[in-house]
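Just so it is clear: chains get the letters A, B, ... in the order the sequence lines come, proteins before strands, and each one is counted from 1.
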2 protein chains.
Amino acid sequence: MSDLTPYESRLKRAGLRLTAQRRVILRILTEHDDHPDATEIHRRAVERDPRISLATVYRTLKVLEETGTVDRHAFGDGPARFEQADRDHHDHLIDVDTGAVVEFSSPRIEELQREIARELGYEIVHHRLELYGRKLKA
Amino acid sequence: MSDLTPYESRLKRAGLRLTAQRRVILRILTEHDDHPDATEIHRRAVERDPRISLATVYRTLKVLEETGTVDRHAFGDGPARFEQADRDHHDHLIDVDTGAVVEFSSPRIEELQREIARELGYEIVHHRLELYGRKLKA
DNA sequence: CTCACTGCAAACCTTTTGCAATAGA
DNA sequence: TCTATTGCAAAAGGTTTGCAGTGAG
């Protein structure tokens, strides 16, 4: 009851059960900080506990998304990809050749976005900014 | 041979056949300027020519995308949505309550994007900027 | 002891594809 | 005529769901 990670205690606070499967999935999302899709998360999860089904991975990801623990992204048109949510806000640059994801943030752009939305009569709920680029020759 | 719209002659220039189905789909995309998905385009197409299949709509959209005639968007996580490409570049603000799409453009943001990419060692191939917002009380 | 959660398999939704028939050029 | 394009139906890929069984609290 006492050796809970911040993520685990957040689940409990939300009134959700802390199952073995959820523990494993949480650990996968917090240990690496890449952007795996559900299948990849399932693959990693099964290594640690072969009883975890893909359906549970999807259900858990949905729950974690709803409690604000993970962010869901849809880069390009492939499957959704996930990352833990708690860190600083950032956007993504995706290498079109390799699929690599580089994170960045620009307070100036954020500010311009709010400005534009306000001019159009809107308040921003969330946004999506993705740059798709190719590595420059050095 | 002479009464072709700019879009139709562009197809011919690309060495593609100008079929009745493609004419209808082109007309749907140029007449309205909303952002319909493939099913909606098919629905509108069948009103004009019941022989058009959904498969053809998808194939045509792919061809039109490749020739730079339409842009494909993936707002939120639903089906892809399409619009004609030829107009000025712009980004989208999506009303989270109604699904309405407002277009805007910001040269300043574009410039900042290029700047950021360059700093990270990348050249931008394309980008996606979507604001999801809620109408302000007036 | 309860009912939230799980695994399994089937269903779903969007999009793509193989194949034989059709129709632009 | 020649082959790009089409319709149909089946398949593919990602994600969700119904149901009966399991396990966290």
Side-chain angles (χ1 to χ4, degrees), chain A residues 1-4 7-26 35-43 45-46 48-67 69-82 99, chain B residues 1-5 7-26 35-43 45-46 48-67 69-82:
Chain A
M1 279 289 150
S2 48
D3 55 346
L4 297 182
Y7 290 99
E8 289 173 346
S9 42
R10 173 194 296 223
L11 265 192
K12 307 207 79 163
R13 250 180 287 128
L16 298 166
R17 291 191 180 166
L18 186 47
T19 63
Q21 292 89 331
R22 286 180 177 171
R23 252 187 241 265
V24 169
I25 292 168
L26 270 176
H35 304 72
D37 61 26
T39 306
E40 172 64 18
I41 292 170
H42 181 236
R43 216 185 46 67
V46 166
R48 305 190 183 188
D49 182 343
R51 292 173 318 159
I52 298 177
S53 73
L54 182 55
T56 292
V57 170
Y58 275 109
R59 281 189 277 231
T60 299
L61 287 171
K62 175 171 289 183
V63 163
L64 295 179
E65 196 187 353
E66 285 163 2
T67 59
T69 304
V70 311
D71 287 334
R72 168 194 304 256
H73 301 290
F75 301 141
D77 50 358
R81 297 169 63 175
F82 302 84
Chain B
M1 281 289 154
S2 48
D3 54 346
L4 298 182
T5 69
Y7 290 99
E8 290 173 345
S9 43
R10 172 193 297 224
L11 265 193
K12 307 208 76 165
R13 248 180 287 129
L16 298 166
R17 291 190 181 167
L18 184 49
T19 65
Q21 291 90 332
R22 286 180 177 171
R23 254 187 240 264
V24 168
I25 292 169
L26 269 175
H35 304 72
D37 62 26
T39 306
E40 172 64 16
I41 292 170
H42 181 236
R43 218 185 45 67
V46 166
R48 306 191 182 187
D49 182 343
R51 293 174 317 162
I52 298 177
S53 74
L54 183 56
T56 293
V57 170
Y58 274 108
R59 281 189 278 230
T60 299
L61 288 170
K62 175 170 290 183
V63 163
L64 294 179
E65 195 187 355
E66 285 163 2
T67 60
T69 303
V70 312
D71 286 334
R72 168 194 303 255
H73 302 291
F75 302 140
D77 52 357
R81 297 169 64 175
F82 301 85

Quiz item: Would a distance-only check, ignoring hydrogens and angles, find a side-chain to backbone donor-acceptor pair under 3.5 Å from A:Arg22 to A:Arg17?
Solution: yes

Quiz item: Do any N or O atoms from the side chain of A:Thr56 and from the backbone of A:Ile52 form a donor-acceptor pair under 3.5 angstrom?
Solution: no

Self-check item: Among C:dG7, D:dA4, C:dC5, the one nearest B:Arg17 by side-chain distance
Solution: D:dA4

Exercise. Among the candidates C:dT15, C:dT16, C:dT6, find the nucleotide nearest to the side-chain atoms of B:Lys62.
Key: C:dT16

Quiz prompt | Residues A:Glu65 and A:Lys62 bridged, charged N to O under 4.0 Å | solution = no

Length of the line joining [X]:[atom1] and [N]:[atom2], which is rounded to integer Å:
X	N	atom1	atom2	value
A:Leu4	D:dA24	CG	P	14 Å
A:Leu54	D:dG13	CG	P	14 Å
B:Glu66	D:dT5	CD	P	11 Å

With a 4.0 Å limit, can you tell me whether [X] has a side-chain N or O closer than that to the phosphate oxygens OP1/OP2 of [N]?
X	N	value
A:Arg22	C:dC5	yes
B:Thr19	D:dT6	yes
A:Gln21	D:dG23	no
B:Tyr58	C:dT16	no

Quiz item: When all nucleic acid strands are considered with a 4.0 Å heavy-atom cut-off, which category describes A:Arg59: base, sugar-phosphate, or nothing?
Solution: base

Exercise. Would you classify A:Ala80 as touching base, sugar-phosphate or nothing, given that sugar-phosphate means primed atoms plus P, OP1 and OP2, and contacts are heavy atoms under 4.0 Å?
Key: sugar-phosphate

Quiz item: Starting at the 5' end of DNA chain C and moving along, which residue's nearest nucleotide shows up first, B:Leu16 or B:Phe82?
Solution: B:Phe82

